[in-house]
Amino acid sequence: GIGEVMGATFLAEIGSIERFPSYRSLIAYAGLDPAVKQSGKFNGEGKISKRGNRHLRRIVYLMAVSVINHNAYFRAYFLKRRREGVPYKKAVVATAHKILRTIFSMLTNKTFFHIKEVNSL
């Protein structure tokens with residue numbers, strides 16, 4: 001689901017993976033982390049923060065839509081989130097989070113993406 005152009009654009013936008021101590025910092029750099037809204041006793045998580053790199057956020061969103069259509073593993077995760085009642089765009093962003101966690105792990109461990117079988121998440 002992720003082609004050469006998208007992969008190259010992603011790598012160009014993040015630079016070196018060593019810049020990020022954890023996958024959470026990569027998600028925050030992309031601006032896909034949840035924005036916390038606080039007021040008095042109310043603590044709520046609303047939309048994504050959008051404080052990060054807008055070009056990276058766009059390419060990760062496009063990667064998420066692509067892998068939902070072409071990869072059974074990520075499609076199963078997306079459909080699981082939809083069955084839980086999550087709206088479409090939130091489910092795509094959740095899939096984007098999963099992609100970023102997977103890519104971070106692949107780049108830091110220098111491994112390839114292999115799934116033995118897709119189970120119903």
Side-chain angles (χ1 to χ4, degrees):
I2 300 173
E4 292 177 6
V5 174
M6 265 199 255
T9 306
F10 175 81
L11 292 174
E13 288 296 329
I14 67 166
S16 176
I17 196 67
E18 286 84 24
R19 294 176 38 203
F20 305 100
S22 70
Y23 70 86
R24 287 183 178 96
S25 58
L26 178 59
I27 289 172
Y29 181 72
L32 291 171
D33 54 331
V36 178
K37 300 208 178 204
Q38 296 178 335
S39 174
K41 295 180 182 178
F42 174 77
N43 287 328
E45 289 185 0
K47 302 174 181 179
I48 59 174
S49 68
K50 294 188 181 181
R51 284 180 289 187
N53 184 330
R54 66 186 175 123
H55 303 294
L56 180 60
R57 186 169 46 257
R58 179 180 178 274
I59 198 70
V60 171
Y61 187 86
L62 292 174
M63 287 168 41
V65 170
S66 179
V67 298
I68 288 168
N69 291 326
H70 296 98
N71 187 295
Y73 177 74
F74 290 106
R75 184 180 317 116
Y77 179 77
F78 171 77
L79 293 174
K80 173 186 167 248
R81 296 304 307 251
R82 291 290 287 156
R83 279 192 304 272
E84 293 171 354
V86 176
Y88 174 79
K89 283 191 178 181
K90 279 192 175 185
V92 172
V93 171
T95 307
H97 274 237
K98 189 162 191 73
I99 291 170
L100 285 177
R101 292 191 305 264
T102 304
I103 291 174
F104 180 83
S105 177
M106 287 170 39
L107 291 176
T108 54
N109 298 323
K110 296 180 173 65
T111 59
F112 293 103
F113 181 73
H114 295 290
I115 298 296
K116 293 180 183 171
E117 74 177 57
V118 176
N119 55 5
S120 60
L121 296 171

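Model, not experiment: these values are computed from the prediction.
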Exercise. Counting only heavy atoms not in Glu84, do more than 12 fall under 6.0 Å of its CD?
Worked result: yes
For this session: For the pair Val65 and Leu62, evaluate side chain to side chain contact (heavy atoms under 4.5 Å, CB included) and give the outcome as yes or no after the intermediate values.
Result: CA-CA 5 Å; Val65 170; Leu62 292 174; 5.7 Å; no
Roughly how far apart are [X] [atom1] and [Y] [atom2], rounded to 0.5 Å?
| X | Y | atom1 | atom2 | result |
| --- | --- | --- | --- | --- |
| Arg58 | Asn53 | CZ | CG | 12.0 Å |
| Ile48 | Leu32 | CD1 | CG | 5.0 Å |
| Tyr61 | Ile99 | OH | CD1 | 11.5 Å |
| Leu107 | Ile14 | CG | CD1 | 5.5 Å |
| Leu100 | Leu26 | CG | CG | 5.0 Å |
| Leu11 | Ile17 | CG | CD1 | 8.5 Å |

Sub-3.5 Å donor-acceptor pair from the side chain of [X] to the main-chain atoms of [Y], do we have one?
| X | Y | result |
| --- | --- | --- |
| Arg57 | Ala30 | yes |
| Ser105 | Arg101 | no |
| Ser25 | Ser22 | yes |

Check [X] against [Y] and note the closest heavy-atom contact, atom names and distance.
| X | Y | answer |
| --- | --- | --- |
| Ser66 | Met6 | CB-CE, 4.1 Å |
| Ala64 | Val92 | CB-O, 3.8 Å |
| Arg82 | Pro87 | NH1-C, 3.2 Å |
| Arg75 | Asn69 | NH2-O, 3.0 Å |
| Pro21 | Arg19 | CD-O, 3.6 Å |

For this session: Apply side-chain hydrogen bond (donor to acceptor under 3.5 Å, both in side chains) to Thr111 and list each qualifying residue two or more places apart in sequence or on a separate chain.
Result: none
Problem set entry | Worked verdict on Tyr23 versus Tyr29 for ring-ring contact (aromatic ring centres under 6.0 Å, His included) | CA-CA 10 Å; Tyr23 70 86; Tyr29 181 72; over 10 Å; no
Problem set entry | Derivation of the side chain to side chain contact (heavy atoms under 4.5 Å, CB included) call for Ile2 and Phe10 | CA-CA 10 Å; Ile2 300 173; Phe10 175 81; over 6 Å; no
Problem set entry | ring-ring contact (aromatic ring centres under 6.0 Å, His included): pairs with one or both residues in residues 86-105, sequence neighbours excluded |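 Qualifying pairs, neighbours excluded: Phe78-Tyr88.
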For this session: Run the numbers on Phe113 and Ile103 for side chain to side chain contact (heavy atoms under 4.5 Å, CB included), then give the verdict.
Result: CA-CA 9 Å; Phe113 181 73; Ile103 291 174; over 6 Å; no
